[in-house]
Amino acid sequence: MPVPSKWKIAEHWNESPRRGDFAPHLFLDEPCCFACGWFSERWRRATPKASWQRANLERAHIIPSSLGGPDDASSLLLLCKPCHQESPDWMDAEQMARWIATRDDRPSREVETFAAWLAAAEKAPDFKDALASVIAEEGATERVSELLRDLLGQAGTHFGIGFSQGTRVAVLQAAADAINRPVQHAGCEAAEPRSVDIQD
């Protein structure tokens with residue numbers, strides 16, 4: 001028997017009397033991790049069914065298949081990767097329900113990403129100083145945004161993670177270096193101490 005689609009699993013738990021135990025965050029119109037509520041705005045599609053199919057959620061057995069758990073919708077949950085990795089592999093379904101009851105809520109992927117960039121900025125104080133030196137200048141927001149896009153295009157990613165925190169710090173430090181880089185003017189012996197031309 002084929003493994004049920006994510007939509008079929010969501011539909012099952014939406015109607016289940018045990019929804020509160022195994023899928024407390026479930027709202028059929030918006031896909032999310034059943035255990036912690038994590039979601040991404042990028043999953044939204046024209047229909048709820050398409051959104052659930054697009055969602056980066058993993059099918060997780062309440063009782064692992066290695067312990068006899070079947071592959072039907074009533075035996076599967078949709079979890080984010082961290083929840084799936086930390087969930088109990090145990091023969092008693094009630095242990096899964098107890099574990100879900102202890103999970104902390106997670107914000108959306110977008111909020112987590114924003115928080116990660118803020119944390120990276122704390123580790124790259126040169127970026128904050130450089131940004132403060134040019135932000136009031138006309139067009140600075142657009143130039144800094146373009147610089148950051150260019151630098152992100154040069155960065156690598158970790159499989160399944162995206163940009164690591166170290167990469168974010170490196171991007172911000174490189175941006176600070178570019179903002180602070182003096183520009184040599186033809187016919188001038190000295191460069192200006194700070195330049196707003198960050199595209200060179």
Side-chain angles (χ1 to χ4, degrees), residues 6 25-33 35-58 78-85 103-200:
K6 293 175 187 176
H25 293 279
L26 175 61
F27 179 61
L28 203 56
D29 289 343
E30 296 284 341
C32 70
C33 174
C36 73
W38 182 77
F39 69 97
S40 174
E41 294 169 6
R42 295 179 186 176
W43 299 344
R44 290 194 182 123
R45 293 297 182 265
T47 65
K49 180 179 180 179
S51 298
W52 278 98
Q53 291 304 108
R54 172 70 178 96
N56 187 19
L57 297 169
E58 300 178 359
L78 296 174
L79 303 179
C80 64
K81 187 171 192 154
C83 282
H84 194 185
Q85 288 176 336
R103 295 300 286 171
D104 290 331
D105 292 354
R106 282 178 67 194
S108 71
R109 176 183 175 186
E110 289 71 23
V111 170
E112 284 184 333
T113 299
F114 181 71
W117 279 104
L118 286 179
E122 291 299 317
K123 303 264 186 196
D126 292 349
F127 175 74
K128 293 194 294 185
D129 294 342
L131 191 60
S133 73
V134 298
I135 199 63
E137 298 172 11
E138 185 177 341
T141 301
E142 292 79 14
R143 290 194 304 275
V144 171
S145 295
E146 183 176 341
L147 172 65
L148 291 171
R149 277 193 299 274
D150 289 345
L151 291 169
L152 283 170
Q154 299 170 37
T157 59
H158 285 289
F159 178 75
I161 296 173
F163 295 115
S164 70
Q165 200 62 357
T167 300
R168 290 185 181 101
V169 173
V171 164
L172 295 179
Q173 189 58 57
D177 294 345
I179 293 169
N180 290 329
R181 188 179 305 127
V183 176
Q184 299 293 333
H185 294 284
C188 294
E189 296 201 12
E192 296 178 9
R194 287 192 189 271
S195 170
V196 297
D197 184 3
I198 58 176
Q199 299 181 46
D200 61 340

Practice item. In sequence, state the C-alpha distance, the side-chain angles, and the governing distance for Asp126 and Leu172, and then conclude on side chain to side chain contact (heavy atoms under 4.5 Å, CB included). Key: CA-CA 8 Å; Asp126 292 349; Leu172 295 179; over 6 Å; no
Check your understanding: Between atom CZ of Arg168 and atom CG of Leu151, what is the distance when rounded to the nearest 0.5 Å?
Key ->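 With rounding to 0.5 Å, CZ (Arg168) is 14.5 Å from CG (Leu151).
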Point to revise | Backbone of Glu138 reached by a side-chain donor or acceptor of Arg143 within 3.5 Å | key: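 Checked: pair present.
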Exercise for review: Write down the atom of Leu79, the atom of Cys33, and the distance for their closest heavy-atom approach.
Suggested key: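 Between these two residues, the closest heavy atoms are CA-SG, 3.7 Å.
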Review point. Is there a donor-acceptor pair closer than 3.5 Å between any side-chain N or O of Gln53 and the backbone N or O of Lys6?
Key: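 Yes, Gln53 side chain to Lys6 backbone: donor-acceptor pair under 3.5 Å.
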**Study point:** Nearest non-hydrogen partners of Ile179 and Ser133, listed with the distance
**Key:**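 Looking at all heavy atoms of both residues, the closest pair is CG2-OG, 4.4 Å.
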Practice item. Begin from the C-alpha positions of Val171 and Phe163 and carry the test side chain to side chain contact (heavy atoms under 4.5 Å, CB included) through to its verdict. Key: CA-CA 10 Å; Val171 164; Phe163 295 115; 6.0 Å; no
Check your understanding: Side chains of Cys80 and Arg106: closer than 4.5 Å at any heavy-atom pair?
Key ->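 A side-chain contact exists here, since the closest heavy-atom pair is under 4.5 Å.
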Check your understanding: How close do His25 and Ala35 get, heavy atom to heavy atom, and via which atoms?
Key ->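 That closest heavy-atom pairing would be CD2-O, 3.2 Å.
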Point to revise | 4.5 Å side-chain heavy-atom contact, Thr167 and Thr157 | key: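 Side-chain contact under 4.5 Å: no.
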Exercise for review: For residues Arg109 and Trp38, determine if any side-chain heavy atom of one lies less than 4.5 Å from a side-chain heavy atom of the other.
Suggested key: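 Side chain of Arg109 against side chain of Trp38, heavy atoms only: contact under 4.5 Å found.
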Exercise for review: Search all heavy atoms of Cys32 against all heavy atoms of Phe39 and return the closest pair with its distance.
Suggested key: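 Heavy atoms of Cys32 and Phe39 come nearest at CB-CB, 4.0 Å.
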Practice item. Check the pair Arg44, Glu30 against salt bridge (Lys or Arg N to Asp or Glu O under 4.0 Å), reporting the backbone distance first and the verdict last. Key: CA-CA 8 Å; Arg44 290 194 182 123; Glu30 296 284 341; 3.2 Å; yes
For residues 45-52, which side-chain N or O atoms pair as donor and acceptor with protein atoms under 3.5 Å away, sequence neighbours left out?
from: Arg45; atom 1: NH1; to: Arg42; atom 2: O; distance (Å): 2.9
from: Thr47; atom 1: OG1; to: Ala50; atom 2: N; distance (Å): 3.1
from: Ser51; atom 1: OG; to: Arg45; atom 2: N; distance (Å): 2.9
from: Ser51; atom 1: OG; to: Thr47; atom 2: O; distance (Å): 3.1
from: Trp52; atom 1: NE1; to: Leu28; atom 2: O; distance (Å): 2.8

Exercise for review: Taking salt bridge (charged side-chain N to carboxylate O under 4.0 Å, His left out) as the test, write out the residues that go with Lys128, two or more places apart.
Suggested key: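 Lys128: salt bridge (charged side-chain N to carboxylate O under 4.0 Å, His left out) contacts with Glu122.
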Review point. Is the backbone N or O of Glu110 less than 3.5 Å from a side-chain atom of Glu41, with the two atoms forming a donor-acceptor pair by type?
Key: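 Looks like no, no N/O pair under 3.5 Å.
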